[in-house]
There are 2 protein chains.
Amino acid sequence: MQDKNIADDGNSASPNGTKSPTALNPDLVVREKKSGVRPGDTYVRIQSPHNRHFRRVGPGHFVATPEVMRPIGGVEKAYRRFKGVLIGRPLETAEEIHQRLNKVKALAVFGSDAISSCAYATEEMLVVLVVAGSSALYLSQFTALAIGVLLFIIAFSYRQTVYAYPNGGGSYIVSRENLGQIPGLVAAAALLIDYILTVSVSIVAGSAAVSSALIAAGFGPQIDALNQTLPPHFNVNVLLSLFFIALMTIGNLRGVRESGAIFAIPTYLFLGSLGVMLALGLFQSFTGTLQPAQTPPIVPAVETLSLWLILRAFSSGAVAMSGVEAVSNGVPAFERPESKNAAITLTIMAVILGSAFLGISYLASQMGLVPSEQTIISQIAQAVFGTSIFFYIFQLATMGILIVAGNTAFADFPRLSSVLARDNYMPHQFLFRGDRLAFSTGIVALASIAAFLVVLFAADVSNLIHLYAVGVFLAFTLSNTGMVIHWRKTRGPGWKRSMIINGVGAVVTLVILMIVIVTKFALGAWIVILLIPTISFLFLLIHRHYSGVANQLRIKPDQMPPETNDPIVIVPIDDVNYASLRAISFARNISPNPVVLHVAVLPDRAEKVRQKIAKHVPNAKFVVVESPYRSFVRPMLAYIDALHSQRSDAFVTIVLPEFITAHWWEGLLHNRTANRLRHTFEKHPNVAVVLVPYLLEG
Amino acid sequence: MQDKNIADDGNSASPNGTKSPTALNPDLVVREKKSGVRPGDTYVRIQSPHNRHFRRVGPGHFVATPEVMRPIGGVEKAYRRFKGVLIGRPLETAEEIHQRLNKVKALAVFGSDAISSCAYATEEMLVVLVVAGSSALYLSQFTALAIGVLLFIIAFSYRQTVYAYPNGGGSYIVSRENLGQIPGLVAAAALLIDYILTVSVSIVAGSAAVSSALIAAGFGPQIDALNQTLPPHFNVNVLLSLFFIALMTIGNLRGVRESGAIFAIPTYLFLGSLGVMLALGLFQSFTGTLQPAQTPPIVPAVETLSLWLILRAFSSGAVAMSGVEAVSNGVPAFERPESKNAAITLTIMAVILGSAFLGISYLASQMGLVPSEQTIISQIAQAVFGTSIFFYIFQLATMGILIVAGNTAFADFPRLSSVLARDNYMPHQFLFRGDRLAFSTGIVALASIAAFLVVLFAADVSNLIHLYAVGVFLAFTLSNTGMVIHWRKTRGPGWKRSMIINGVGAVVTLVILMIVIVTKFALGAWIVILLIPTISFLFLLIHRHYSGVANQLRIKPDQMPPETNDPIVIVPIDDVNYASLRAISFARNISPNPVVLHVAVLPDRAEKVRQKIAKHVPNAKFVVVESPYRSFVRPMLAYIDALHSQRSDAFVTIVLPEFITAHWWEGLLHNRTANRLRHTFEKHPNVAVVLVPYLLEG
């Protein structure tokens, strides 16, 4: 019945307005007698066809169905299909899964970042030491040992955090809670930078694993030739890295959540093959049968060996520590008892990382390996396995864990930026969740910046690494210092012991931070040192803006918006036609006395317009402003100002007829004055512009 | 008194709406007792300070003062000052000057285009003939003679037009009136293309005059060296041409109207020096003392001499005729008796052009000149004058008249396109007159296309010339054919004689048109042959659009816009705050029952919003639509559709609070949902979007 009525209304443009309008029904329901039930019972349902679009859950309360999202038009359909294939079907907010991880999976999810660093940390030490010639390379064993001790201290101090913050204790939260806003923001800035560098460094190192395998297989000349043809800043490693970043972006937009399985395979494949390689390698080394595939060249010294050089090697190797804090972020994802399981996982991770790093560094020293186009770890693998299938499996596993490691940043960066957005330190866009519930803005931002860095540094780990360590150790220092304050405040059982552990951690990481800053400053660390305060300052600016807005928007009981009974309404018209009469009729809804304004570029036209108005809208207030300089907007602005000044508290509404053309090219045939005016008044407070559309048929 | 009241209103946001508002006074006047005059007399004046902005000429009728145009803000001020220097102060529409020209000035204004062609027409014939070797060059005398006869016929036929159309009879008007719409549009398309080519060809030839003078002065190697360093498509002539086009664009935007003086100087300088050169040259030729500066090289034949080649040479030379129709366009600008003066001027012009062209062609033949980097006319001048000051004066004069010739197109193209726009065949933007009353759109369009052609054809006259002649002779043919019909219709005194003259003109120009098409087709004329129907078709499309619009907008007495007493008003809100309350309060002006709509991405927020609405706007119709897929726009669209279907004849108004940020960067911190929604509904007929602005203080 209802539907029939609507159809009747629809097919005849009612020629007058005298007919009393149907009462509007915002609840969209039809009440019907229920048949076959007790008389008097009614049955409530949403009007057809809107019942396809909404489910009614209460009076004036609907839930949209997937039908609402159905694409309109061919272009959108194609886009949706493409996006569907790439990202997957959209998920409802309620479909979010919160998964708990056992220790085996947790080690893969939270440990891969840290463990993967052993794939490049040794090499980065050697890159520094080789400056003093081949004979200095043996020193890497000792810097590796120092880093191992350091790792032990840091892991131990993070065990404290895991117990103290069972809901997740990243550096931002710990610093903010215990040290205050500014240290919290500094930690957050350092972490965001680190996450970006984690992606760049891991992916570039992963690509290096692929190209090392290719070099070992004898494709070196081809790679060199290909690099020659590529433009500056681009080489095979850059292309591989960009490909991996694109893959990870898509994967994360699809919502590769912390589903252990995907992460477990490459992680344990790497751990297994690494274990085999180290065992075999150490055995061969002790039996004296370990020989590098190519005899390493004797590199002459270009610098004398100095404490400075050793400290620089140490700083480079210290990046092995990056990712250690991941477990402390993820405590709530562990199976019960969360903190205990997290602490055990943390310890296992540190032991694996420490022994792998030491083992690799020892073997590299023993063989006197020198950094070259092929990575150090791949040189060791080739020496141990020969150029056999095991060598290639090991390379594949190395690439796998490095990509998984890069992927942890794809979880961490969007999560931290959404927390910062929620706390009003970052734009609220970072709170937006895409079709698959992932924080799309964060994912895309991270991928873009990381890809930019990969290209800027031509996919060279050694160049990127200089930027890396500052952020890592700044976050460590702030987090540990925060924990010291935490223990002093809470004074729970054993607080003194915990405080000492974190205190030692704080002092040690601070010392390393200093070493890193001093040794790496000129090599690129200065960029990060400038960026961290800049970003922190931006956080503060954004926070101030959002607070200001919230303040201004707060409803103060004594300051309600004025209910203007007679607003100022102006209808600028160029000519009297159906569209302008429609606009005038709309304006009459708002005000009984709209002012119809004609800005006359040609004086003789003004008279014609006046006559037409007198004929069609005899009771209108009609005003002509002649514009001798042919400008349309300026005289109108001046007139509106003049009217507005008569009642400056009133709200001015400008009602404009707007032509909607059927085809875009037809739009070019109109001056689009309406749109230009809207732009003019966009920044004018207290002036609202209403475009009353008039569809021109094609 | 009034002013004081306004000030009082301004400084306190009135806390309630109960105060009865001051009645609005759209007439902006204050009535005051006149002091010192008879009691009862009143004095009407515009309220201060608006009296600075407007002059009142009657009730509700104002004239804006220049004060209205005063720039706002530093950027606009600087822009205006820059534009002021470049273009000049804005002119009032009433300041337009209509100047009458005597025959001396008229020859300069309307004749320069035609006369200037003798600077390149001979050369273009030689460029074709030289293919058959140096020995074929003497034939140019005979093709020149044929063209001279032709010129006589065409000039004579245009004398008829001048008498028949004293209000100006361009090809478009004559063809349209006598042959119908399509021939008129074809003539218009041909003319527009010709005007563009007139600019390109004249300016390129003018630049060639400059570089020829430089080459004669010994700067040839430097020019070659400079050309080497420029990118492809650019050379010294291109740069010079672009410079001249820019200069002419600025000049014409300033409004270099047909003020004879500016045009007279270079025209008569050229005529004078050309006369001297021809007289001296012919004398030297007869006495046998005329010697070229460099002995022309003997060019071997690469093609045998054929009728085909001679016809091609003739076609190239025939461009000398371009610009002959200019006088017939400009009849109303002549002093009385207009037609007679115009006819005399036309005859003088044809005599000058004919004898100059023949003279130059004769001298070039006699000396056996061969086209080279230096133009033919400049080679003649150098032979006659030696490398003396007179030679340089002649080059300067050549450049001058060519630029003046190019400039006539800057008057013709915008004028014709404005006529076409007025007749709804071209976009109405071409009717727009800039600060200086010039048709800015046409000027800028002409300059852009001409500059594009100059670059595309690397400022080579010989390449451009192939495109030129088709349009010229097509317009001639149509115009003459139109005149034949005209005489047959009007049958005034001597109509038979006139008809024969124009008939001969039509046949001759048609034959030449055919020759031009056949000989030049493959060389580039095909472009014009494709373009003319394409442009004509576009004219028709545009005309159909504008007619359709006019039809749809016509007010039919039985189909007045409906006066909806109860429009559908929807206020989508994200939260309840001061801005959204303000939007709701605005919506209440339009409808007593606006629907407040909250699209809930997070279900728990919906409940909070409902509570706040219940508290602040207890009587609002509040609707929640939950959006499980987090889309905001789609569920809203579906809900609005559902509401609208209840009363499909009603007009839907969507009222949105919009944040206006004080700084642009702050805008990045907001999702700008309001603006996105406005774009969504832009193409939705019957839905008006009102953005109620809320200014966020910085």
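Residue numbers start from 1 in every chain, and the chains themselves are labelled A, B, ... in the order their sequence lines are given, proteins ahead of strands. Remember, predicted model here, so these are calculated numbers, not experimental data.
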Which of the residues Val601(B), Thr65(B), Val633(B), Val549(B) is involved in the greatest number of heavy-atom pairs with chain A at under 4.5 angstrom? Val549(B)
Side chain / backbone / both / neither for Tyr546(A) at chain B, heavy atoms under 4.5 Å: side chain
Heavy-atom pair with the smallest gap, counting every atom of Val63(B) and Pro628(A): CG1-CG, 3.8 Å
Please classify the contact between Ser580(B) and chain A as side chain, backbone, both or neither, with a heavy-atom cut-off of under 4.5 Å. neither
Side chain / backbone / both / neither for Asp641(A) at chain B, heavy atoms under 4.5 Å: backbone
Using a 4.5 Å cut-off on heavy atoms from C-beta on, say whether the side chain of Phe62(A) contacts that of Val623(B). yes
Check for a donor-acceptor pair, side chain of Arg630(A) on one end and backbone N or O of Arg433(B) on the other, with a separation under 3.5 Å. yes
Phe54(B) versus Val625(A): any side-chain heavy-atom pair under 4.5 Å? yes
Nearest 0.5 Å, please: how far is CG in Leu553(B) from CZ in Arg582(A)? 10.5 Å
State, to 0.1 Å, how close Ala688(B) and Leu691(A) come at their nearest heavy-atom pair, and which atoms those are. CB-O, 3.4 Å
So what's closer than 4.5 Å to chain B heavy atoms on Val576(A): side chain, backbone, both or neither? both
At what distance, to the nearest 0.5 angstrom, does CD1 of Ile590(A) lie from CZ of Arg588(B)? 15.5 Å
Can you tell me which of Arg554(B), His53(B), Arg610(B) forms the most heavy-atom pairs within a distance under 4.5 Å of chain A? Arg610(B)
Under 4.5 Å from a heavy atom of chain A, the part of Pro66(B) involved: both
Is chain B contacted by the side chain of Val569(A), its backbone, both, or neither, given a heavy-atom distance below 4.5 Å? neither
If you count heavy-atom pairs under 4.5 Å between each of Val689(B), Val595(B), Val655(B), Leu643(B) and chain A, which one has the most? Leu643(B)
